[in-house]
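Comments concern the structure below.
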Amino acid sequence: MQRIIVIGVGAQGSTIAKRLNEHPGVSEIICADYDFKAARVLSDSLDKASALKLDASAVKNVIQAAEGCGLIVNGLPLDYNLTIMEAALAVGASYFDMAGPMEDIGFVESYKLLFSDWHAKFKAKGLTALVGAGSSPGLANIMAREAVEKMDRCETISIYVYENVLTRRFTPFWWSPQVAFGDMAYKTFRFENGRHITDKPFSRPIRMKLRGIDRDVRMVDHEHDEPVTMGLLADTVLKGVRNVDFKYGGFGVKFSELLYKMGLLSNQPVDLNGTPVVPMDLILKLCPPAPKYPDELKSIIDDGVVAEEGAFLVRVEGTKEKDSVRIDSYAVGPGLVEAFETSGLSHEAYLTGQCASVFVKMMVDDVFNTAGLFVPEQLDADAREYCFRNLAELGVTIDETLRQRTVYTRRRRKAVSKRPLSAVGRSGQTVQPASFA
């Protein structure tokens, strides 16, 4: 029986805590947050939980709060990651978070540090750390790895997330606006021809068709973990992938891009009639927070839902027995209204929180307990299957489509050269339900 502390009980942290409350292998859950009201409201709804007010900016505070815990679940912004990881090592606890750290040394360099120094620290202590394990990053990574395993060689991994849930009440983001705006304003990362490339925010826009949406939608490059980690692990677990990118689209992206172009997402002070004002501070002050409590969500939904559109696609391209193949994998989960009706959560909290809860449950069940620090694409087949199976039970499934182009010899090409061009070299399209859905 494990004693677990969940630090940060916002939308995702609270979802994880609720799932852990159902797990027979968990004896106690500490719900810790700087906002004691949020911690107390959550703990009062759970059988195994207690509430704790915690300032996690000081490692000594986290150590004191986590004494006797076997696992620390970190639901705080990225700035806290290394502090809480240090505390986990000090108290002898395994560690989990939903996105990697963004240190001053850079995003790629931060992950290099995790994979070297921090991996060695957790391994030496016989502890497991799983980082970047929510929906994206997290589910997207194991979807990509699952597709890559069906190929001989991988060339390109593309991740497309489109979120366009609009309500009559202005709700620009369904998760932390501080995190959302920070990600939007940060330089983008992609892995291109075997190298990590940085670019300006909202770069390389494209229009594309996504399943379930009846028009082409605009997608742009976005700062995210997957191109960083997959690039670093290209040759060890992703069969030599040369290109990885992450594109994002929807209302939140459009809204943020306008603010960015006006300079309102800048952290540099501007003079306003003799008073220095940081534009980002002003935006965060005025932006409505993400709804946290069920009564807030119900009120927003009751006011009216204008649109519920979304798509989550992982596209993997490579070769199999000299044939070019492309596997499209769509993650399918409930929208805003359905998620609230079934769980009291928003669609965002449901997908990310339920994915994270399954990864945590996997650690509690010792399905993955290798000592060291890892990201989801490093999970083996058994661990991935566990995640897919448990997510399916929660209503999150994967639909997979394989498209294959046969590579003909010169003689074969000549023999079929009189056929219509569209028929040459194509074996057609087959739809294969994913084995884990």
Side-chain angles (χ1 to χ4, degrees), residues 99-103 105-116 119 131-132 136-162 183-210 217-249 253 312-329 374-378 401-407 425:
M102 178 73 76
E103 299 302 300
I105 58 175
F107 204 10
V108 176
E109 291 72 19
S110 294
Y111 262 112
K112 285 181 177 179
L113 192 66
L114 291 186
F115 289 153
S116 56
H119 172 75
V131 303
S136 183
L139 176 58
N141 304 59
I142 61 173
M143 289 166 65
R145 174 71 185 277
E146 192 75 8
V148 167
E149 287 300 309
K150 298 172 183 177
M151 301 177 177
D152 295 330
R153 182 167 182 80
C154 180
E155 181 65 26
T156 300
I157 298 173
S158 301
I159 301 165
Y160 304 100
V161 176
Y162 186 78
D183 288 351
M184 297 287 186
Y186 202 78
K187 59 188 176 183
T188 65
F189 293 86
R190 65 182 184 270
F191 191 60
E192 186 177 279
N193 293 323
R195 295 189 306 120
H196 282 104
I197 304 292
T198 59
D199 210 334
K200 62 184 180 181
F202 309 101
S203 54
R204 302 196 309 156
I206 63 171
R207 299 198 71 85
M208 65 181 298
K209 184 72 172 67
L210 292 168
V217 296
R218 184 174 182 268
M219 307 290 291
V220 298
D221 279 6
H222 181 69
E223 179 270 313
H224 236 246
D225 300 55
E226 294 93 330
V228 176
T229 62
M230 292 182 184
L232 292 173
L233 299 171
D235 294 326
T236 54
V237 298
L238 295 171
K239 298 187 178 179
V241 64
R242 299 284 294 166
N243 305 285
V244 185
D245 64 355
F246 180 97
K247 289 188 180 290
Y248 198 17
V253 175
F312 184 154
L313 167 63
V314 176
R315 174 170 289 167
V316 179
E317 299 171 271
T319 57
K320 176 70 173 178
E321 296 177 353
K322 298 185 179 180
D323 291 350
S324 296
V325 294
R326 188 183 85 190
I327 298 176
D328 282 359
S329 303
F374 304 91
V375 289
E377 58 263 46
Q378 292 176 288
T401 303
L402 168 67
R403 184 184 295 274
Q404 180 169 321
R405 177 168 180 155
T406 305
V407 180

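Because the structure is a prediction, the values reported are computed rather than measured. For this chain, numbers begin at 1 and follow the sequence in order.
K239 has its side chain out of reach of D152: every pair of non-hydrogen atoms, C-beta onward, lies at least 4.5 Å apart. No side-chain heavy atom of L232 sits less than 4.5 Å from a side-chain heavy atom of F191. P205 places a side-chain heavy atom less than 4.5 Å from the side chain of V220. In this structure, Y160 and I206 have side chains that are in contact, with non-hydrogen atoms separated by less than 4.5 Å. The side-chain heavy atoms of L313 and I159, taken from C-beta on, include no pair separated by under 4.5 Å. Between I157 and M230, the closest side-chain pair of non-hydrogen atoms falls below 4.5 Å. Using a 4.5 Å heavy-atom threshold, the side chains of E155 and V241 count as separate. Put simply, the side chain of H224 reaches to within 4.5 Å of the side chain of P137, judged on heavy atoms.
Of all heavy-atom pairs between M219 and V161, the closest is CE-O, 3.4 Å. Here the shortest heavy-atom pairing between A185 and P201 reads O-CG, 3.4 Å.
Taking the six-membered ring where the residue is Trp, F107 and F189 present perpendicular rings, their angle passing 60° and hence far from 30°.
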Exercise. Might you work through the side chain to side chain contact (heavy atoms under 4.5 Å, CB included) test for L114 and V131, ending with a clear yes or no?
Key: CA-CA 9 Å; L114 291 186; V131 303; 4.3 Å; yes

Self-check item: Candidate pair R145 and L238, rule side chain to side chain contact (heavy atoms under 4.5 Å, CB included), full reasoning
Solution: CA-CA 7 Å; R145 174 71 185 277; L238 295 171; 4.3 Å; yes

Practice problem: Take D225 and Y111 through the side-chain hydrogen bond (donor to acceptor under 3.5 Å, both in side chains) test and state the conclusion after the steps. | Solution: CA-CA 9 Å; D225 300 55; Y111 262 112; 2.6 Å; yes

Practice problem: Tell me, with the steps shown, if T401 and I327 meet side chain to side chain contact (heavy atoms under 4.5 Å, CB included). | Solution: CA-CA 6 Å; T401 303; I327 298 176; over 6 Å; no

Exercise. Using the side chain to side chain contact (heavy atoms under 4.5 Å, CB included) rule, take V253 and H222 through it: C-alpha gap first, then chi angles, then the decisive distance, then the call.
Key: CA-CA 9 Å; V253 175; H222 181 69; 5.8 Å; no

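Under a 4.0 Å N-O distance rule, the pair D245/R204 qualifies as a salt bridge.
Interatomic distance, E377 CD to N141 CG, rounded to the nearest 0.5 Å: 4.0 Å. Atoms CD and CD1, on E149 and I142 in that order, are 12.5 Å from each other to the nearest 0.5 Å. Considering OG of S136 and CD of E226, their distance stands at 3.5 Å, rounded to 0.5 Å. Rounding to the nearest 0.5 Å gives a distance of 12.5 Å between OG of S324 and CZ of R403. To the nearest 0.5 Å, atoms CD (E223) and OG1 (T188) are separated by 9.0 Å. For the atom pair S203 OG and I197 CD1, the distance stands at 11.5 Å (nearest 0.5 Å).
In summary, the aromatic rings of F374 and H119 are positioned with their centroids under 6.0 Å apart.
Remark: D328 pairs with R315, R326 by the salt bridge (Lys or Arg N to Asp or Glu O under 4.0 Å) rule, at least two apart or across chains.
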